[in-house]
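Convention: sequence-line order gives letters A, B, ...; per-chain numbering from 1. Note that the structure is a prediction, hence the values are computed from the model and not measured.
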Number of protein chains: 2
Amino acid sequence: MKGSDDQLNRLYRAIGDTTRRRIIDELALRDRQSLFEIYARVLSEHGINHSRQAFSRHLSVLEEVGIIEVEWEGNTKLHSLNKTPLTDSLSGWIEKFKEQK
Amino acid sequence: MKGSDDQLNRLYRAIGDTTRRRIIDELALRDRQSLFEIYARVLSEHGINHSRQAFSRHLSVLEEVGIIEVEWEGNTKLHSLNKTPLTDSLSGWIEKFKEQK
DNA sequence: TGCCAATGCAACAATATTGTTGCATAATTA
DNA sequence: TAATTATGCAACAATATTGTTGCATTGGCA
C-alpha cells in the first residue's frame with residue numbers, strides 16, 4: 001500500500017499547481033506539443049510569466065507521474081496527455097466519498 | 001479565477017499527503033473525533049509515527065481547506081468530515097477529462 | 001483553589017519545491 | 001561545416017512544508 005500511497009501523493013501534488021493544470025488544460029485541447037509550443041501558449045493565454053526552464057521542470061513532474069506521455073521527433077520532444085492517472089488512480093480515492101453519499 | 005485556482009492548489013496539496021488521507025479515512029468512519037482520538041487511531045491502525053503536534057498541523061491544513069469542520073465541546077475540539085470540497089471543487093476539474101472521454 | 005487533560009502557538013531544523021541563469025548536447029538546416 | 005533550434009543538466013537562491021520540542025492557555029473536576 002505504501003507504493004500506491006506515494007504514487008497518489010505525487011499525483012495530487014502534481015496537479016496542485018496552477019501552471020501545471022494550465023499545461024494539462026492546454027494539452028487537452030491539442031496533443032503532441034513541444035515544450036516551446038506549450039510554453040508560448042500557456043504564457044500568452046494565461047498570464048503565467050515563467051522561464052522555459054520552469055516549464056521544463058513542470059513538464060517533467062507531469063511526465064514522472066504519467067499524466068504526460070512523450071514521443072521524440074528529431075530533436076523535438078512531443079508531449080501528449082494521458083488521462084488515465086487522472087480519471088483512474090486519482091479520482092479513485094475521492095470517488096469513495098461520493099458513493100458513501 | 002485566481003482565487004479558485006489557489007483554493008484548488010490548496011485542496012489538491014492537502015490530500016497529497018498520506019497521513020492526511022488516513023485522517024480523512026478515519027473521519028469517514030466516525031465523525032466528531034478529537035485530536036487525540038484521531039492521533040491514537042491513525043497511529044495504531046496505520047504505522048504512522050508522528051507527534052501530536054504533527055497531527056495538529058495536518059488537521060489545521062485540512063480545516064483550512066474546508067475538508068474538516070470543527071466544533072468545540074468544553075476544551076475538546078471535535079473534528080468532522082465535510083465531503084463537499086472533495087466531491088465538488090476537487091473532482092470538478094478532474095471530471096472534465098472523464099467527460100471528454 | 002489546584003491539578004489534569006486537550007489544545008494552540010512559537011522557534012528551530014531538515015527537506016522539498018520552485019524558479020533563475022549559464023553551459024552542454026544533439027538534430028536540423030543553410 | 002557552422003549556425004540555429006529544442007532540450008537537458010547543474011548550481012544556486014528563495015520559499016514552503018513537515019516535524020520536533022517547550023511553553024502557554026483554557027475548561028473540567030477533586
A.B. asks: Reckon B:S56 has a side-chain N or O less than 4.0 Å from the OP1 or OP2 of C:dG8?
C.D. replies: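 True: B:S56 side-chain N/O within range (under 4.0 Å) of C:dG8 OP1/OP2.
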A.B. asks: Would you tell me if any nitrogen or oxygen in the side chain of A:S51 comes within less than 4.0 Å of OP1 or OP2 on C:dG19?
C.D. replies: no
A.B. asks: When the nearest nucleotide of DNA chain D is assigned to A:K77 and to A:R57 on a heavy-atom basis, which residue is associated with the more 5' position?
C.D. replies: A:K77
A.B. asks: Report the nucleotide, chosen from C:dT7, C:dG8, D:dG8, that has the shortest atom-to-atom distance to any side-chain atom of B:S34.
C.D. replies: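 Given the options C:dT7, C:dG8, D:dG8, the side chain of B:S34 is closest to C:dT7.
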A.B. asks: Parallel, tilted or perpendicular: which fits the ring planes of A:Y12 and B:Y12, with parallel below 30° and perpendicular above 60°?
C.D. replies: parallel
A.B. asks: Once you round it to whole Å, what is the distance between P of D:dT18 and CZ of B:R21?
C.D. replies: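 Answer to the nearest Å: 12 Å.
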A.B. asks: Here's a test for you: under side-chain hydrogen bond (donor to acceptor under 3.5 Å, both in side chains), which of B:K77, B:H79, B:R41 qualifies with B:Q33?
C.D. replies: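 Among B:K77, B:H79, B:R41, the one that satisfies the side-chain hydrogen bond (donor to acceptor under 3.5 Å, both in side chains) with B:Q33 is B:R41.
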A.B. asks: Return the value, rounded to whole Å, for the distance between atom CZ of B:F55 and atom P of C:dA6.
C.D. replies: 16 Å
A.B. asks: Which part of the nucleic acid, if any, lies within contact of B:S60, taking any heavy atom under 4.0 Å across all strands shown: a base, the sugar-phosphate backbone alone, or nothing?
C.D. replies: nothing
A.B. asks: Applying salt bridge (charged side-chain N to carboxylate O under 4.0 Å, His left out), run through B:D88 and B:K83 and close with a yes or a no.
C.D. replies: CA-CA 8 Å; B:D88 291 7; B:K83 295 167 186 163; over 6 Å; no
A.B. asks: What verdict does the side chain to side chain contact (heavy atoms under 4.5 Å, CB included) test give for B:E37 and B:R30, after you've listed the backbone C-alpha separation in whole Å, the side-chain angles of each residue and the deciding distance to 0.1 Å?
C.D. replies: CA-CA 11 Å; B:E37 289 178 288; B:R30 180 207 276 228; 4.0 Å; yes
A.B. asks: Would you kindly give the CZ-to-P distance between A:R10 and D:dT17, to the nearest whole Å?
C.D. replies: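 Taking atom P of D:dT17 as the reference, CZ of A:R10 is at 19 Å.
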A.B. asks: Quickly work out the B:L78 CG to D:dG27 P distance and round it to whole Å.
C.D. replies: 15 Å
A.B. asks: Quick one: A:D17 CG to D:dA16 P, roughly how many Å, whole number?
C.D. replies: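 For the pair A:D17 CG and D:dA16 P, the rounded distance is 13 Å.
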A.B. asks: Between D:dA6, C:dG19, C:dT7, spot the one nearest the side chain of A:H50, thanks.
C.D. replies: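 Looking only at heavy atoms from C-beta outward on A:H50, the closest nucleotide is C:dG19.
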A.B. asks: Rounded off to whole Å, could you give me the CD1-to-P distance for the B:I23 and D:dT18 pair?
C.D. replies: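 So the CD1-P distance, B:I23 to D:dT18, works out to 11 Å.
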A.B. asks: Let me confirm one number: the OG1-NZ distance from B:T87 to A:K96, rounded to the nearest 0.5 Å.
C.D. replies: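 Spacing of OG1 (B:T87) from NZ (A:K96) equals 14.0 Å.
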A.B. asks: Return the value, rounded to whole Å, for the distance between atom CZ of B:F36 and atom P of C:dG8.
C.D. replies: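 It is 10 Å, rounded to the nearest whole Å.
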A.B. asks: Which residue in the set A:V70, A:I23, A:I67 passes side chain to side chain contact (heavy atoms under 4.5 Å, CB included) when paired with A:L59?
C.D. replies: A:I23
A.B. asks: Could you please name the option among D:dG8, C:dG8, D:dG19 that lies closest to any side-chain atom of B:H58?
C.D. replies: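 Nearest nucleotide to the side chain: D:dG19.
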A.B. asks: State whether the side chain of A:S80 and the backbone N or O of A:R32 hold a donor-acceptor pair below 3.5 Å, judged by distance alone.
C.D. replies: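 Such a contact is found between A:S80 side chain and A:R32 backbone.
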A.B. asks: Please list each protein N or O that sits under 3.5 Å from an N or O in nucleotides 23-28 of chain C, with the distance.
C.D. replies:
{"residue": "C:dA27", "atom": "N3", "partner": "A:N75", "partner atom": "ND2", "Å": "3.4"}

A.B. asks: In whole angstrom, give the distance that lies between atom CD of B:E63 and atom P of C:dT7.
C.D. replies: 12 Å
A.B. asks: Of the options C:dG8, D:dT17, D:dT7, whose atoms approach the side-chain atoms of B:R13 most closely?
C.D. replies: D:dT17
